[in-house]
Structure formats: structure tokens, C-alpha cells
Trainee: 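Sharing a structure, written as C-alpha cells. Questions coming.
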Amino acid sequence: MTLELSMRERIYAVVRRIPRGRVATYGQIARLAGIDGHARQVGYALHSLPAESDVPWHRVINARGRISLPKGSHSYLLQRSLLEEEGVEFDAQGMVDLSRFGWR
DNA sequence: CGTATGACGAGCC
DNA sequence: AGGCTCGCCATAC
């Protein structure tokens with residue numbers, strides 16, 4: 001077995017630690033996974049995640065507190081409803097207050 | 001192996 | 001406020 005987890009596995013491991021009702025940013029995930037500066041790779045890893053994964057991909061949003069998906073797309077709506085089910089609130093502009101819902 | 005791509009981010013206009 | 005540029009760097013092809 002490999003001594004070093006692949007970048008993807010490290011990313012998933014961190015995302016799995018995000019508690020219910022909280023959100024984290026791509027950059028934050030990269031930092032916690034020990035790959036600071038790889039925010040884009042975090043997005044790439046989540047994008048290629050199988051649908052039946054146990055990774056809570058919906059709890060990851062961008063640094064501006066917004067969902068990084070085309071507004072109105074199927075994925076956007078899914079992510080938003082999953083978060084709202086957990087109690088995360090969105091303002092009129094589809095933005096989440098990271099000071100209230102951000103994972104410390 | 002070179003080029004394009006992207007669920008990002010910070011900065012500038 | 002909103003949009004554009006540029007740096008970033010693993011992946012895809």
C-alpha cells in the first residue's frame with residue numbers, strides 16, 4: 001500500500017470532516033489537506049466525484065461564499081437544496097455568510 | 001511531451 | 001457591483 005495518499009484522497013478526507021450545516025471554501029480544503037494553493041485541484045477532484053460517494057461535496061463553496069456552479073443548473077440547485085436542508089442560509093444574491101456558516 | 005482546461009482566488013478597473 | 005486578468009498547477013488529450 002502506498003505510504004502517501006493521492007491528492008484526491010487527501011482532499012476527500014478533509015471534505016468528509018466538514019460538519020453538517022457548515023461550509024468550507026476550496027482554498028481552505030486545500031490548506032487543510034496540506035496542499036496549499038491547490039484550490040483548483042480541489043474543485044477538479046469534487047467535479048469528478050462519483051454520484052454515490054459519501055463525500056459531502058455540497059459543503060464546499062468558493063471564497064466569495066457562493067456556489068461555484070452555473071446558477072440555475074441542475075447541480076447548482078442540488079447543492080443549494082442540500083445545504084438549505086442542513087440549515088445553511090442564502091441571501092437574495094445566492095450568497096452564504098461565511099462568518100456564520102463557515103467551518104472554522 | 002506540449003497545450004488546453006478548469007466546482008479557484010486575489011487583485012485591478 | 002460586476003467583470004476581466006493573471007497566477008496557480010494537476011489532469012486530460
Side-chain angles (χ1 to χ4, degrees):
Chain A
M1 88 185 200
T2 57
L3 295 174
E4 184 179 331
L5 291 175
S6 74
M7 173 177 284
R8 248 223 267 280
E9 292 173 304
R10 302 171 62 132
I11 290 170
Y12 297 155
V14 174
V15 175
R16 269 191 276 257
R17 300 214 298 272
I18 307 173
R20 239 183 101 78
R22 313 303 293 267
V23 294
T25 69
Y26 295 92
Q28 182 180 4
I29 297 301
R31 230 181 324 107
L32 293 173
I35 50 174
D36 192 35
H38 291 59
R40 303 191 75 148
Q41 276 58 234
V42 173
Y44 203 94
L46 296 185
H47 181 66
S48 55
L49 204 54
E52 59 280 3
S53 167
D54 62 324
V55 178
W57 58 271
H58 60 282
R59 305 212 262 249
V60 185
I61 61 180
N62 64 35
R64 295 163 4 203
R66 316 224 284 125
I67 289 177
S68 269
L69 289 169
K71 193 176 181 181
S73 67
H74 178 71
S75 306
Y76 174 94
L77 265 18
L78 174 60
Q79 177 165 17
R80 178 161 172 161
S81 56
L82 284 172
L83 287 175
E84 290 181 324
E85 278 174 32
E86 301 184 349
V88 176
E89 296 167 24
F90 290 78
D91 68 11
Q93 304 176 54
M95 185 156 17
V96 173
D97 184 347
L98 290 176
S99 68
R100 288 208 296 151
F101 301 104
W103 180 36
R104 295 170 302 230

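These numbers come from a predicted model, not from an experiment. Below, chains carry the letters A, B, ... as their sequence lines are ordered, and counting in each starts from 1.
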Trainee: Select one nucleotide: of B:dG9, B:dA7, C:dA12, the one nearest the side-chain heavy atoms of A:Tyr44.
Mentor: C:dA12
Trainee: Rounded to whole Å, please give me the gap between CD1 in A:Ile61 and C1' in B:dG9.
Mentor: 14 Å
Trainee: Using whole Å, what does the distance between atom P of nucleotide B:dG9 and atom CG of A:Asn62 come to?
Mentor: 5 Å
Trainee: Rounding to a whole Å, what distance do you find between A:Asp36:CG and B:dC8:P?
Mentor: 17 Å
Trainee: In whole Å, I'd like the distance from the CG atom of A:Leu46 to the P atom of B:dG6.
Mentor: 16 Å
Trainee: With a non-hydrogen cut-off below 4.0 angstrom, is A:Gly27 in contact with a base, only sugar-phosphate, or nothing?
Mentor: sugar-phosphate
Trainee: Of the candidate nucleotides C:dT11, B:dG6, B:dA10, which contains the atom at the shortest distance from the side chain of A:Ala63?
Mentor: B:dA10
Trainee: Can you figure out which of C:dA10, C:dG7, C:dG2 approaches the side chain of A:Arg40 most closely?
Mentor: C:dG7
Trainee: Could you work out which one of C:dT11, B:dG6, B:dC8 sits closest to the side chain of A:Met7?
Mentor: C:dT11
Trainee: Take the protein atom CD1 of A:Ile29 and the nucleotide atom P of B:dG9, then report the distance between them rounded to whole Å.
Mentor: 10 Å
Trainee: When all nucleic acid strands are considered with a 4.0 Å heavy-atom cut-off, which category describes A:Tyr26: base, sugar-phosphate, or nothing?
Mentor: base
Trainee: If the cut-off is 4.0 Å, is A:His38 near the phosphate of C:dC9, judged by side-chain N/O to OP1 or OP2?
Mentor: no
Trainee: Between B:dA10 atom C1' and A:Arg66 atom CZ, what is the distance in whole Å?
Mentor: 16 Å
